[in-house]
Chemist: 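Sharing a structure, written as structure tokens. Questions coming.
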Amino acid sequence: MPELPEVEAIRQDLIAMDLKGQEIESVIAFNERTLSPTEKMAWDVFFQSPRRIISIERKGKWLLLKLAGGTLFIHLRMSGKLRLTESRRPMTHERARLVIKGGASLSFIDPRKFGRIVLIEKEDASPSIGIDPTEGTFTEEALLSLLSKGQTAIKTWLLDQKKISGLGNIYVDEALFRAGIHPEHPVSRLSLAKKKLLYRSIVGTIQEAIKHRGTSLGTTNQNYSGIHKARGSHQDHLFVYSRQGKPCKKCRTPIEKVRFRGRGTHFCPSCQKPVH
DNA sequence: CACCTTTCCTGTGCGC
DNA sequence: TGCGCACAGGAAAGGT
Ligand SMILES: [Zn+2]
């Protein structure tokens, strides 16, 4: 599932293939709920003439194609992928496509239909997205300040994209392991030392995962891969996620998996003691 | 406002 | 080999 590092890998792929500077002629929907607004008219009006791609950015898990006069906010959710195609025929599970001037298209492949492509013409209508941990403004002080208002379990808090953006289930479990914090630990009861360690754990986890071009679990193509189908390698560096029953890489205790607020939650019961 | 639950979706993998 | 079902989970929407 694409989280911050996977979306960053896709962004780098798009930049490497010189998408920036090219023009989008139209956007076609194959699944009516994938595009927002859902009305075809709004898209046809916006793309009455081609729109040049000014920049390719990312905030949290959102991929941003900044166009002249508006921005496409692309969210891959669980099963979304982008593929470059020359064919006119829709691909399997293709939910939408961006038609690029010159004949190529960027296909939005999304079996589970949770992904979205959102057209925003006015900047103040942009989705509200919390601070991204790769931004320079994400400092230790910034995290401490945000955490000071937290009243819920740390895992729940970290998954809230309006607080910090980009961490999903994999990287939250990984960051909490590195910090030695139990996922259900209340934010309000974290020591200052643990909060500072959490800061370094979040930044370290994300930096390493970006370096590895994300996590590609499983062997089927249902899982994450970049625009050229290349898989990431961070799955070989996971401490807890999907490692239930296997020995902790720090202390050899078997990793546990529980269900917490509807999420599979992986942790080492010895390195991440619950609050007593 | 802060937090919690439900809902949306379909391919995969398991038990029988 | 096939059937039924739990599971995967991000975020919007609605409730407390
Ligand atoms: Zn351990």
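Reminder, nothing fancy here: chain letters follow the sequence lines and each chain counts from 1.
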Chemist: Atom CD1 of A/I74 and atom P of C/dG10: how far apart are they, to the nearest Å?
Modeler: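 Rounded to whole Å, this separation is 19 Å.
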Chemist: Salt bridge (charged side-chain N to carboxylate O under 4.0 Å, His left out), that's the test. Do A/E23 and A/R51 meet it? Break it down for me.
Modeler: CA-CA 5 Å; A/E23 290 181 293; A/R51 298 274 183 169; over 6 Å; no
Chemist: Work out which heavy atom in A/I117 is nearest to a heavy atom in A/A96; give both atom names and the distance.
Modeler: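 Between these two residues, the closest heavy atoms are CD1-CB, 4.1 Å.
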Chemist: Should A/L197 and A/L144 be regarded as members of a common hydrophobic cluster, given that ILVMFWY residues are connected when their side-chain heavy atoms come within less than 4.5 Å of each other, either directly or indirectly?
Modeler: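 No, separate clusters.
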Chemist: Taking side chain as C-beta onward, heavy atoms only, is A/L72 less than 4.5 Å from A/L67?
Modeler: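 Heavy-atom side-chain distance check passes, below 4.5 Å.
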Chemist: Heavy atoms under 4.0 Å is the rule here; annotate nucleotides 2-9 of chain B 5' to 3' with B where the base is hit, S where only the sugar-phosphate is, and - elsewhere.
Modeler: SSSS--BB
Chemist: For A/I129 and C/dA11, what is the distance between atoms CD1 and C1' respectively, to the nearest whole Å?
Modeler: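 Between C1' of C/dA11 and CD1 of A/I129: 12 Å.
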Chemist: Within the 4.5 Å heavy-atom criterion, are A/L82 and A/L63 side-chain neighbours or not?
Modeler: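 They are in side-chain contact.
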Chemist: Please state whether the rings of A/Y171 and A/H234 are parallel, tilted or perpendicular, taking 30° and 60° as the class boundaries.
Modeler: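 Tilted, since the angle between the ring planes falls between 30° and 60°.
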Chemist: Hey, which of A/R95, A/E94, A/R83 is the one that makes side-chain hydrogen bond (donor to acceptor under 3.5 Å, both in side chains) with A/S107?
Modeler: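 Of the listed residues A/R95, A/E94, A/R83, the side-chain hydrogen bond (donor to acceptor under 3.5 Å, both in side chains) partner of A/S107 is A/E94.
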Chemist: For the pair made of CG in A/L76 and P in C/dA11, what is the distance, rounded to whole Å?
Modeler: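 Nearest whole value for this atom pair: 11 Å.
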Chemist: Hey, does the Lys NZ or Arg CZ of A/R97 hover above the aromatic six-ring of A/F108, less than 6.0 Å from the centre and inside 45° of the axis?
Modeler: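 No.
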Chemist: Using five base pairs at each end, measure the axis-to-axis angle across the helix from B/dA2-C/dT16 to B/dC16-C/dG2 and round it to 10 degrees.
Modeler: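 So the angle between the two local helix axes works out to 40°.
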Chemist: Do A/R58 and A/T134 have a side chain donor and acceptor closer than 3.5 Å?
Modeler: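 Yes, side-chain donor-acceptor contact under 3.5 Å.
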Chemist: Does A/F239 reach the side chain of A/I255, with side-chain heavy atoms less than 4.5 Å apart?
Modeler: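 Side chain of A/F239 against side chain of A/I255, heavy atoms only: no contact under 4.5 Å found.
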Chemist: Could you state the atom-to-atom distance from CE of A/M1 to C1' of C/dA11 in whole Å?
Modeler: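 My rounded result for the distance is 15 Å.
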Chemist: Check each of A/K249, A/H266, A/K250 against A/F177 using the side-chain contact (heavy atoms from CB on, under 4.5 Å) test, and report the only one that passes.
Modeler: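 Answer after filtering A/K249, A/H266, A/K250: A/K250.
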Chemist: Collect all protein-nucleotide pairs involving nucleotides 13-16 of chain C in which both atoms are nitrogen or oxygen and the distance is under 3.5 Å.
Modeler:
none

Chemist: Write down the distance between CZ (A/F260) and P (C/dC7), rounded to a whole number of angstrom.
Modeler: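 Value for this atom pair: 17 Å.
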Chemist: For C/dG10, take OP1 and OP2 only and decide whether either is under 4.0 Å from a side-chain N or O of A/H75.
Modeler: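 False: A/H75 side-chain N/O out of range (4.0 Å or more) of C/dG10 OP1/OP2.
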